[in-house]
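Contents: one structure, followed by commentary.
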Amino acid sequence: MISRQLVLTYLYLLIYICLSSGVILFNKWVLSPKYFKFPFPITLTMIHMAFSGIVTFFLVRVFKVVAPVKMTFHIYATCVIPISAFFASSLWFGNTAYLYISVAFIQMLKALMPVATFIMAVFCGTDKLRWDLFLNMVLVSVGVVVSSYGEIHFNVIGTLYQVTGIFAEALRLVLTQVLLQKKGLTLNPITSLYYIAPCSFIFLFIPWYLLEKPEMDVTQIQFNYSIFFLNALSAFALNISIFLVIGRTGAVTIRVAGVLKDWILIALSTIIFPESVITSLNIIGYAVALSGVVLYNYLKMKDVRANQLPADNNSDRATKDKKSSSMFRPDNSMDNSDGTVAGGLASEAAAVDEEAPLIPSARLSYVTRTQTGSSSNR
């Protein structure tokens, strides 16, 4: 008989894949001039941030689903504000790309995420330049170039928006590791949105007021509140699904699910949006890029295991030396992962979803897993 826990795990994975694909297709439909005809990506992103900020406030402060972290003004000013700025920028540029290029091509460009994160990590000094990793990044880049060359409806503006959003998100990931994790703060997707969403909303207000508000006043757009509510709700539900999936499986599983989701999304986008055409060069290039991402993730996970082995051996020796002690700490192996998070940023970035870019790293996934386990027993 299949265990109930296993069924729930696969159910959460299925929900994550459906929500992640659905949010991307939903955003494309809302922003596309051919369908819902709401070409205001900053406004849509602000709606998501406002909704997420309000809901997470009730989850953290009223219902106390998760506990807030100790946040001082200094940490908020030096850490949360710059992270929120790049978070808002990545969402703004990523959503703007929907106006110019297809969903399928956007997913193919997202294969550059590990490359961008690796470059930013090396530039910021949180990772070292290694030739084996560098060659993998070259393989990913070549695959994306081939895929771009095979794109029939290639648009320079849309591509630049998407690539800029990818690098903004990569810098956000590196800053999260450098600024927050070194201060000992652990944020899961819910607490991340609790602190970052309101600040991101403020950052987006300035470009919205200058770029989109004048045009909205002229065109006199009528809001369909039910559509925008469902859109914001689905984006927030995606964060909750990530919270549940990582709590039951871990960050590695959600990366694998993300790869499966990308292929499903590319196929679905060509059915839902007939103007999106996939060529053989698109598929070949994306397959090459994806193979480089998978190989890169393998090398990074291998590094993490290699760094954890000496810690495990040391803990074994300490246990033998202290046989009289009955204390056992099951999280010792995870404590040592902090030193390898910087190296794992790019592999983490491979699973980043533009609507839920707050996927925790190795140490954060452990915190999320323990919190989810405690809440599910209620």
Side-chain angles (χ1 to χ4, degrees), residues 20 45 49 75 78-95 109-129 133 136-137 140-141 162-193 195-197 199-200 203 238-239 242-243 246 250-252 254-255 258-259 262 292-293 296-297 299-301 303-304 337-368:
S20 183
T45 307
M49 293 298 98
I75 294 177
T78 58
C79 300
V80 175
I81 289 179
I83 290 172
S84 300
F86 287 104
F87 181 32
S89 300
S90 66
L91 293 178
W92 169 18
F93 294 130
N95 283 335
L109 288 175
K110 284 179 185 176
L112 286 173
M113 189 69 211
V115 179
T117 310
F118 178 69
I119 292 173
M120 291 299 177
V122 172
F123 180 77
C124 294
T126 60
D127 206 348
K128 295 180 180 179
L129 182 61
L133 302 180
N136 278 310
M137 297 298 97
V140 173
S141 302
Q162 182 60 42
V163 172
T164 304
I166 288 172
F167 273 89
E169 175 59 18
L171 189 54
R172 185 201 68 82
L173 283 172
V174 175
L175 285 178
T176 300
Q177 192 269 329
V178 171
L179 299 178
L180 285 182
Q181 294 180 25
K182 284 190 176 181
K183 294 182 182 294
L185 292 178
T186 54
L187 301 178
N188 58 56
I190 295 178
T191 52
S192 295
L193 284 175
Y195 291 108
I196 292 176
C199 191
S200 297
F203 274 110
L238 176 57
N239 281 280
I242 293 173
F243 184 80
I246 295 180
V252 177
I254 206 168
R255 292 187 194 119
V259 172
D262 288 340
V293 172
Y296 187 86
N297 286 338
L299 290 174
K300 281 319 207 175
M301 295 305 296
D303 290 342
V304 171
S337 66
D338 283 353
T340 60
V341 169
L345 277 172
S347 60
E348 172 190 341
V352 166
D353 199 309
E354 78 284 348
E355 286 305 327
L358 303 170
I359 298 176
S361 57
R363 183 168 182 246
L364 302 189
S365 67
Y366 173 74
V367 174
T368 307

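Basis for what follows: all heavy atoms, side chains included, without hydrogens, waters or symmetry-related copies. Quick caveat, the model's predicted, so the values are computed rather than measured.
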Is the shortest side-chain heavy-atom distance between Leu91 and Ser200 below 4.5 Å? no
Test of understanding: with side chain to side chain contact (heavy atoms under 4.5 Å, CB included), list the residues that count as partners of Val178, not counting sequence neighbours. Thr126, Val174
Atom pair CD1/OG of Ile119 and Ser141 - distance to nearest 0.5 Å: 7.0 Å
If you measure from OG on Ser192 to CG on Asn239, what distance do you get to the nearest 0.5 Å? 8.5 Å
Could you pull out all residues at least two apart from Phe93 that satisfy side chain to side chain contact (heavy atoms under 4.5 Å, CB included)? Ser89, Tyr161, Thr164
Quick one: pull up CZ in Phe86 and CZ in Phe203 and give me the separation to the nearest 0.5 Å. 9.5 Å
If you round to the nearest 0.5 Å, how far is CG of Leu175 from SG of Cys79? 9.0 Å
Could I get the full list of side chain to side chain donor-acceptor pair (under 3.5 Å) partners for Thr45, not counting sequence neighbours? Asn95
Taking only residues two or more places apart in sequence or in another chain, which ones pass side chain to side chain contact (heavy atoms under 4.5 Å, CB included) with Ala170? Met113, Ala116, Thr117, Met120
Atom CG in Leu299, atom CG in Asn136: separation rounded to 0.5 Å? 5.5 Å
From Ser90 OG over to Ile166 CD1, what is the distance, rounded to the nearest 0.5 angstrom? 10.5 Å
Begin with the C-alpha distance, continue with both residues' side-chain angles, and end with the deciding distance and a verdict on side-chain contact (heavy atoms from CB on, under 4.5 Å) for Ser20 and Ile242. CA-CA 9 Å; Ser20 183; Ile242 293 173; over 6 Å; no
Would you say that Val140 contacts Tyr296 through its side chain, given a criterion of any heavy-atom pair below 4.5 Å between the two side chains? no
For the residue pair Ile75 and Leu185, establish whether any side-chain heavy-atom pair is separated by less than 4.5 Å. yes
Side chains of Leu193 and Phe87: does their closest heavy-atom pair fall under 4.5 Å? yes
